[in-house]
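Numbering of residues begins at 1 and proceeds along the displayed sequence. Just so we're clear, the structure is a prediction, and the values are computed from it rather than from any experiment.
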Amino acid sequence: MMHQPLNVAVPWSLSHYIPLNGFHPLYRALFDHAPDTINLYAWDNVKLHKRFGRDIETRETVVNAANAAKRKSRQLDTGSIASAYQEYFWPPNHVLTTELMGDIEFHHTAPFPSLKRPFVFHCESFAPIFLPFAQQGSGDVAQHEEIREHYRRILANPLCLGIFSHIPETLQSLHQFLADPIIDRKLFRSQIGLSEKAVLDPTLPEKTALSRPRFLFVNSANQNTVNFFRRGGHIVLRFWKDFLAGGQNGLLMLRCAKPSDKDLSKYGVDVSLVRDQTGHSIIWGQDYLGNHEMNALIASAHFLLLPSASLHSVSIMQAMMLGTIPVVTDTVGTSVYVTDNESGIVLQGMRAAVWHKDAATGILVDRYCRTPDLDDSLVSQLTSRVGALLDAPDAYRNMRNCTMPYAQDQFSGQAFSDHFWGTVSDLYQRDKESSSSRDSAPIQVEAALLDCTVRGDGWARVFESPTQPMLRINTGQGVVWELGGAMIQAYGNPRIDLKDWSVLAQHYSPGAPQTTFANTLDELGGKYLHSVGHREGGRLKLIGWIARVLKPFPTLYGFAARVLLRLRSFLGSRFGWPKADPDIELVRHGVSGYNIIRYLDQYYAIPQSKGEFSSHKADTGGYSSCFSDYSVDQVLQRIAGSGTQSLKASLADDDLGQIELVCEGFHGFNVIRRGVEFHAILQSEGAFVLEKLQSNEYSCSFSGYSLEEVQRAIVEALDSEQGGNEACSKTTENVS
């Protein structure tokens, strides 16, 4: 059946979607593989910010509409679920949802529709549907009668066309909890899948030999830093102790924030072993990784360890599609993805320990708590099940050969998109035919905001970006967060509440921090380096222009800089110019062996070993390696592009600092730090001698700018099919 193009409003960039993970990777396939008959619209917060900044009339129209919505919500009973729901939804978000172009709205995880036009809703788990009134792991649904009535009004509303989930237990719980025949007719089982653009990459690394297996633990698709124990990180570390005690050799990679030693000990982890093995058999990465980096990490691992209390759909699908064996628990939803002993390993006991039927409602709910007996069982199962596969390499290969084609067939992003949008289009056409007299949503400013939506490759940008606010820079003068494809700057380090992430907050809420939304750090123009906003703008632009003009003339440039320094001091005392704006400031520390310094309105990268920054040395070529530009981004790009040349230049410098042994016996290598460089040589070849390294006299050596980089090169070389010295010499040639 052919349909007219369907315009779909996707209000996921609004602030109330932040706890719901906004542009969650679970739904990317619906955008990357959308048919030509589906037009998708979402707010671009950077464009909205700029429009509201310069178009006062449009901004006031939206703010006035939000104020009117707020007055209307005050008619609800104070303290009621309906009143709390509207307060959480927040009037500006309600208005921006309504004003977003589209014939139909698409919501996920928890429904916050405008109720001005039809909408569809997709969810994975049951409890988060009622956010903020219920959450996963709470063990019950408080005020269930009032919650039931409130969500019945939303989901039984004729504007709700369909409720989708790929988890059978979620649909069953909705049927049982809401107990409404109208809603029952709207429940649909959906497929699920990953976008090919988000997974397939010809540059992904090949797996190394199974004789040195690699294990990976990640905390969640959104890489939330607080879920280590709920995701089973302590189980993984306890397993690793048993693995090493069995005399086996391997590498454990953890991509998550590291809990305190006290918390690890409380959960039965041997802290001393973790401390001793970190940098040896354990590599712990705590920084946020983009999607392509996560793909490479998963692809390099033999096993993805997720002994979690809750489901990790995206991580499981990524692992299976990249040929990595998932090791998961039998928690609710796992059966949709993994069949034990066929497409992965399913550890038993989590469902029985964590999930139970709620006495008041009869629905299946989960309660997170410490379960020492279950922990012991999971560690034992993990050790024995993984050990059995490692003892029988053919069994591992058979499981991997089953996992990849199964995932490519069952979790096809194209199939997920075709099925979902096909069903949605049919539902919309039937609704349109039966309600032709329905009034359309009142549009007040659609024309003025039409060009403020995500376009073209913008979808990849928002899906690749963190779904939760991620702090990128804190200079003391200002902070920069990344969220949903935007860099968000604020002066100082203010407290930012949920609603403050909205582009309208500073125009609607008294006391909300003043924020700037930009696509890149470069677009911010160094605003995060200053404590005052608008008064600095013109002066900084003028100084930047003067600096660019004088840069080709070092003597004149230096003279002008000294004059500016004295002028700032004089005018600062006379006219109150901010004193908290230092002329020399460390912006980034330890980036590939460099420190990045802001001097006046320019940025410099110099080797860490060179100590205090000297503008004279930077401008006259006094550093062995130095990069400068007018933005941090440009300097970072210059560092990244310098590659082996900068390392060779620094090796030739005779003032790199003392030699220090930082890691002994890593796969038979000693790792030595000399200034900003790290070098690895075989233990059997004695003490480190720089001249022998420079003349390639060592039979096997590795060099890099960090301990982790050198360790990774060692592991990859040892596990490569070339083996031995051939792999070593090749790696040494590339790195040093």
Aromatic ring pairing Tyr85/Phe89, orientation class (parallel under 30°, perpendicular over 60°, tilted between):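 The rings of Tyr85 and Phe89 stand perpendicular, inter-plane angle above 60°.
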Aromatic contact, [X] with [Y] (centres under 6.0 Å):
{"X": "Phe164", "Y": "Phe106", "result": "no"}
{"X": "Trp240", "Y": "Phe217", "result": "no"}
{"X": "Phe177", "Y": "Tyr151", "result": "no"}

Go through it in stages, so that I can follow the logic: the residues are Val10 and Phe31, the test is side-chain contact (heavy atoms from CB on, under 4.5 Å), and I'd like the CA-CA distance, side-chain angles, deciding distance and then a yes or no. CA-CA 11 Å; Val10 186; Phe31 293 73; 3.8 Å; yes
Quick one: does [X]'s side chain have a donor or acceptor within less than 3.5 Å of a partner on [Y]'s backbone?
{"X": "Asp358", "Y": "Thr361", "answer": "yes"}
{"X": "Asp330", "Y": "Arg351", "answer": "yes"}
{"X": "Ser300", "Y": "Leu297", "answer": "yes"}
{"X": "Gln348", "Y": "Val346", "answer": "yes"}
{"X": "Thr334", "Y": "Thr331", "answer": "yes"}
{"X": "His292", "Y": "Leu204", "answer": "no"}
{"X": "Asn291", "Y": "Ala198", "answer": "yes"}
{"X": "Ser15", "Y": "Trp501", "answer": "no"}
{"X": "Thr403", "Y": "Ser343", "answer": "yes"}
{"X": "Ser195", "Y": "Gly413", "answer": "no"}

Distance check, rounded to the nearest 0.5 Å: [X] atom [atom1] versus [Y] atom [atom2]?
{"X": "Met253", "Y": "Ile282", "atom1": "CE", "atom2": "CD1", "value": "12.5 Å"}
{"X": "Leu254", "Y": "Leu237", "atom1": "CG", "atom2": "CG", "value": "5.5 Å"}
{"X": "Ile345", "Y": "Leu306", "atom1": "CD1", "atom2": "CG", "value": "12.5 Å"}
{"X": "Leu521", "Y": "Met487", "atom1": "CG", "atom2": "CE", "value": "4.5 Å"}
{"X": "Arg397", "Y": "Leu389", "atom1": "CZ", "atom2": "CG", "value": "11.5 Å"}
{"X": "Leu347", "Y": "Gln381", "atom1": "CG", "atom2": "CD", "value": "5.0 Å"}

Of all heavy-atom pairs between [X] and [Y], which one has the smallest distance, and what is that distance?
{"X": "Gly333", "Y": "Ile167", "value": "CA-CD1, 4.0 Å"}
{"X": "Phe23", "Y": "Ala42", "value": "CZ-CB, 3.8 Å"}
{"X": "Ile473", "Y": "Leu471", "value": "O-CD1, 3.6 Å"}
{"X": "Thr208", "Y": "Arg212", "value": "OG1-O, 4.2 Å"}
{"X": "Gly250", "Y": "Ser281", "value": "O-CB, 3.8 Å"}
{"X": "Leu26", "Y": "Ser313", "value": "CD1-CB, 3.8 Å"}

Could [X] and [Y] be called an ion pair, given the rule that one side-chain N must be under 4.0 Å from one carboxylate O?
{"X": "Arg255", "Y": "Glu293", "answer": "no"}
{"X": "Arg238", "Y": "Asp376", "answer": "yes"}
{"X": "Asp366", "Y": "Arg230", "answer": "no"}

Do [X] and [Y] come within less than 4.5 Å of each other through their side chains, counting heavy atoms only?
{"X": "Phe228", "Y": "Asp263", "result": "no"}
{"X": "Asn21", "Y": "Thr109", "result": "no"}
{"X": "Met350", "Y": "Leu374", "result": "yes"}
{"X": "His24", "Y": "Val314", "result": "yes"}
{"X": "Val327", "Y": "Leu382", "result": "yes"}
{"X": "His144", "Y": "Ile363", "result": "no"}
{"X": "Gln489", "Y": "Val479", "result": "no"}
{"X": "Pro25", "Y": "Leu194", "result": "no"}

Take atom CD of Glu196 as the centre, draw a 6.0 Å sphere, and report whether it contains more than 12 heavy atoms from other residues, nucleotides or ligands.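 Atom CD in Glu196 is not packed in, count stays at 12 or less.
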Check whether more than 12 heavy atoms from other residues, nucleotides or ligands sit under 6.0 Å from atom NZ of Lys258, and answer yes or no.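 It does: Lys258 NZ has more than 12 such atoms within range.
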Applying the ring-ring contact (aromatic ring centres under 6.0 Å, His included) test to Phe303, which of Phe239, Phe215, Phe243 qualifies?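 When ring-ring contact (aromatic ring centres under 6.0 Å, His included) is applied between Phe303 and each of Phe239, Phe215, Phe243, only Phe215 qualifies.
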With Tyr27, which of Trp12, Phe463, Trp459 fulfils ring-ring contact (aromatic ring centres under 6.0 Å, His included)?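 The option that passes is Trp12.
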Between [Y] and [X], is there a side-chain donor-acceptor contact under 3.5 Å, judged purely by atom types and distance?
{"X": "Thr515", "Y": "Asp500", "value": "no"}
{"X": "Asp270", "Y": "Ser272", "value": "yes"}
{"X": "His107", "Y": "Tyr17", "value": "yes"}
{"X": "His166", "Y": "Glu124", "value": "yes"}

According to the ring-ring contact (aromatic ring centres under 6.0 Å, His included) rule, which pairs have a member within residues 257-278, sequence neighbours left out?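 Every ring-ring contact (aromatic ring centres under 6.0 Å, His included) pair that includes a residue of residues 257-278, provided the two are not neighbours, is Phe229-Tyr267, His234-Tyr267.
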Once ring-ring contact (aromatic ring centres under 6.0 Å, His included) is applied, what residue pairs with a partner in residues 314-343 remain, sequence neighbours excluded?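 Of all non-adjacent pairs touching residues 314-343, those that pass ring-ring contact (aromatic ring centres under 6.0 Å, His included) are Tyr337-Phe411.
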Would you sort out whether Leu174 and Phe126 count as a side-chain contact (heavy atoms from CB on, under 4.5 Å), showing the intermediate values? CA-CA 7 Å; Leu174 282 166; Phe126 174 73; 4.1 Å; yes
Show, in sequence, the C-alpha distance, side-chain angles and deciding distance for Leu252 and Val236, and conclude whether the side-chain contact (heavy atoms from CB on, under 4.5 Å) test is met. CA-CA 9 Å; Leu252 172 61; Val236 171; 3.7 Å; yes
Could you give me the CA-CA distance, side-chain angles and deciding distance for Arg231 and Ser310, then say whether side chain to side chain donor-acceptor pair (under 3.5 Å) is met? CA-CA 7 Å; Arg231 310 309 188 198; Ser310 58; 2.9 Å; yes
Pick from His302, Lys207, Arg400, Arg214: which one makes a side-chain hydrogen bond (donor to acceptor under 3.5 Å, both in side chains) with Thr324?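 For Thr324, the side-chain hydrogen bond (donor to acceptor under 3.5 Å, both in side chains) test succeeds with only one of His302, Lys207, Arg400, Arg214, which is Lys207.
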Determine, stepwise, if the pair Arg385 / Asp340 fulfils side-chain contact (heavy atoms from CB on, under 4.5 Å). CA-CA 11 Å; Arg385 297 292 303 277; Asp340 190 27; 2.9 Å; yes
